[in-house]
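Working notes for the structure below.
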There are 2 protein chains.
Amino acid sequence: MSISSRFAVGVHILTLIEFNKDGVSSSEYLAESVNTNPALIRKIIGMLKKADLVDVHPGIAGTKLARDLSDITLLDVYKAVNVVQDNKLFSMHENPNPKCPVGRNIQEAIMPIFSTAQRALEKVLGNVTLEDIVADIVEKEQIN
Amino acid sequence: MSISSRFAVGVHILTLIEFNKDGVSSSEYLAESVNTNPALIRKIIGMLKKADLVDVHPGIAGTKLARDLSDITLLDVYKAVNVVQDNKLFSMHENPNPKCPVGRNIQEAIMPIFSTAQRALEKVLGNVTLEDIVADIVEKEQIN
DNA sequence: CCTTATTGTAATTATTATAATTACAGGTAA
DNA sequence: TTACCTGTAATTATAATAATTACAATAAGG
């Protein structure tokens with residue numbers, strides 16, 4: 001199965017807040033661009049807030065970025081929206097048979113490889129910032 | 001969410017077939033070590049067979065490796081058991097709003113990054129063979 | 001040829017996560 | 001006090017996994 005779209009939506013939200021930085025980015029406004037409902041947006045924004053990526057306050061319309069664009073990586077967003085936990089990207093079968101030499105060692109043999117693979121994936125995300133995404137979209141808009 | 005344990009089970013199965021190469025690896029035998037039921041094992045073996053990783057025949061008990069240990073990577077197993085499709089590890093929200101500059105470009109902006117991350121993960125799996133896993137387990141057994 | 005055992009596969013059920021939606025309490029500003 | 005927004009819980013629909021049961025098709029051995 002695949003990693004929740006919360007991650008892609010989180011990136012979308014943050015990017016749009018930047019594009020709309022002179023306006024008010026309410027959950028309804030953001031939901032319209034993402035094409036989903038405001039409650040889901042607020043849930044994700046709550047996670048981004050907990051990770052100190054955005055500023056938002058009850059009763060006050062709009063969300064703002066809490067940091068500079070160049071200081072937010074996709075890895076920050078990925079961690080914030082909690083789509084994959086540490087060392088849990090790959091699931092293992094629980095309870096292999098301890099009476100079998102393979103059964104009693106397979107988890108320890110595989111685990112480090114799974115960790116390495118997951119870290120390789122996350123490293124790629126850590127090398128891309130929101131600034132890159134925004135620049136890419138600005139460029140795409142200029143071409144068309 | 002996480003990647004199906006079919007992958008870990010597939011690796012377990014192939015490793016155990018090697019350990020038991022002088023015996024008969026029936027689905028029941030394999031299921032006992034994995035600690036699941038034979039039908040699931042047979043389903044996974046069917047996938048491994050389709051990928052030419054094992055030899056198995058209806059009515060004849062036992063499964064054998066179809067290639068040398070050193071010629072089967074974890075990536076081969078991962079692809080065989082079909083846990084993640086190309087470019088589908090990360091899911092995107094469908095139908096972002098095309099009237100919004102961010103909505104109409106976000107998918108194309110994010111997609112290449114997701115692809116790169118997925119490939120980085122898969123590259124790690126491609127660098128490990130079943131021979132490595134078997135050697136690791138043999139070593140762990142000798143120590144204990 | 002017939003019995004027995006195994007593989008291949010379909011169908012069923014329970015579990016889990018996601019995503020969409022509704023509803024409403026709590027907070028803020030005008 | 002009104003109007004609007006955020007925060008959050010509850011509900012529903014959907015989808016994938018994993019476990020399980022069942023059985024047809026196949027092959028070996030007596």
Side-chain angles (χ1 to χ4, degrees), chain A residues 1-10 12-13 17 20 23-32 34-51 54-64 66 78 81-85 88-97, chain B residues 1-10 12-13 17 20 23-32 34-51 54-64 66 78 81-85 88-97:
Chain A
M1 210 180 169
S2 53
I3 293 170
S4 167
S5 67
R6 274 205 308 280
F7 178 30
V9 172
H12 186 148
I13 288 171
I17 291 171
N20 188 43
V24 175
S25 297
S26 66
S27 61
E28 191 181 341
Y29 170 82
L30 296 169
E32 206 163 300
V34 171
N35 197 22
T36 183
N37 60 81
L40 179 64
I41 298 292
R42 290 198 291 271
K43 188 177 171 189
I44 294 174
I45 285 182
M47 292 172 154
L48 298 174
K49 179 186 184 179
K50 197 174 289 185
V54 297
D55 286 326
V56 56
H57 304 281
I60 306 176
T63 302
K64 297 287 187 182
Y78 164 96
V81 298
N82 203 31
V83 281
V84 179
Q85 290 164 306
K88 297 279 172 144
L89 176 55
F90 295 91
S91 56
M92 302 260 302
H93 49 305
E94 312 285 321
N95 313 319
N97 190 339
Chain B
M1 211 178 169
S2 51
I3 294 170
S4 168
S5 65
R6 272 204 309 280
F7 178 31
V9 172
H12 185 149
I13 288 171
I17 290 171
N20 188 44
V24 175
S25 296
S26 66
S27 62
E28 191 180 340
Y29 170 81
L30 297 169
E32 206 164 301
V34 172
N35 196 23
T36 183
N37 61 80
L40 180 63
I41 298 292
R42 290 198 291 270
K43 188 177 171 189
I44 294 174
I45 284 181
M47 293 173 153
L48 298 174
K49 179 185 185 181
K50 197 174 288 183
V54 297
D55 286 326
V56 57
H57 304 280
I60 306 177
T63 301
K64 296 286 187 183
Y78 165 95
V81 298
N82 202 30
V83 281
V84 178
Q85 290 163 306
K88 297 277 172 147
L89 176 54
F90 295 92
S91 56
M92 302 260 302
H93 49 305
E94 312 286 320
N95 312 319
N97 191 339

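Sequence lines set the chain letters: A, B, ... in the order given, protein chains first and strands last, and positions in each chain run from 1. Here the structure is a predicted model, which means the values were calculated and not measured.
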- Quick one: which of B/T63, B/V56, B/L48 gives a side-chain contact (heavy atoms from CB on, under 4.5 Å) with B/I17? B/T63
- note: A/H57, atom NE2; D/dC5, atom P; distance rounded to Å ~ 17 Å
- Task: Could you state the atom-to-atom distance from NZ of A/K43 to P of C/dA19 in whole Å?
- Result: 9 Å
- Task: Would you kindly give the CD1-to-P distance between A/I3 and D/dA16, to the nearest whole Å?
- Result: 16 Å
- Query: Is it true that a side-chain atom of A/S5 and a backbone atom of A/A8 form a donor plus acceptor pair closer than 3.5 Å?
  - Reply: no
- Rounded to the nearest angstrom, tell me the gap between atom CZ in B/R42 and atom P in D/dT20. 13 Å
- Task: Check for a donor-acceptor pair, side chain of B/S2 on one end and backbone N or O of A/F90 on the other, with a separation under 3.5 Å.
- Result: no
- Task: Choose from D/dA19, C/dT18, D/dA22 the nucleotide whose nearest atom is closest to any side-chain atom of B/L40.
- Result: D/dA19
- Check every atom of D/dT26, D/dC5, C/dA23 against the side chain of B/P58 and return the nucleotide holding the closest atom. D/dT26
- Message: Does D/dT20 have OP1 or OP2 under 4.0 Å away from a side-chain N or O of B/N37?
- Response: yes
- Message: Just N and O in the side chain of A/S91: are any of them under 4.0 Å from OP1 or OP2 of D/dT17?
- Response: no
- Ignoring backbone atoms, test whether A/S27 places a side-chain nitrogen or oxygen under 4.0 Å from the OP1 or OP2 oxygen of D/dT6. yes
- Expected output: side-chain A/S25 to main-chain A/G62 donor-acceptor under 3.5 Å: no
- Query: How close or far is atom P of D/dA19 from atom NE2 of A/H93, stated in whole angstroms?
  - Reply: 10 Å
- Using whole Å, report how far CD1 of A/I60 lies from P of D/dC4. 17 Å
- Message: Does a side-chain N or O of A/S4 approach OP1 or OP2 of C/dA19 to a distance below 4.0 Å, or not?
- Response: yes
- Message: Using the side-chain heavy atoms of A/A39, tell me which of these nucleotides is nearest: D/dC5, C/dT9, D/dA9.
- Response: D/dA9
- Query: Does D/dA19 have OP1 or OP2 sitting under 4.0 Å from an N or O in the side chain of B/T36?
  - Reply: yes
- For A/G59 and for A/P38, find the nucleotide of DNA chain C with the closest heavy atom, then tell me which residue's nucleotide is more 5'. A/P38
- Describe the nucleic acid contact of A/K50 in one word from base, sugar-phosphate, nothing, applying a heavy-atom distance below 4.0 Å. nothing
- Note on the structure: Taken to the nearest whole Å, CD1/B/I45 to C1'/C/dT7 is 9 Å
- Query: More than 12 non-hydrogen atoms from neighbouring residues, nucleotides or ligands closer than 6.0 Å to NZ on A/K50, yes or no?
  - Reply: no
- Just to confirm, is there a sub-4.0 Å distance from OP1 or OP2 of D/dG7 to any side-chain nitrogen or oxygen of A/K49? yes
- Query: Taking atom P of D/dC5 as reference, at what distance in whole Å does atom CD of A/E32 sit?
  - Reply: 13 Å
- Indicate, with a heavy-atom threshold strictly under 4.0 Å, whether B/S5 touches base, sugar-phosphate, or nothing. sugar-phosphate
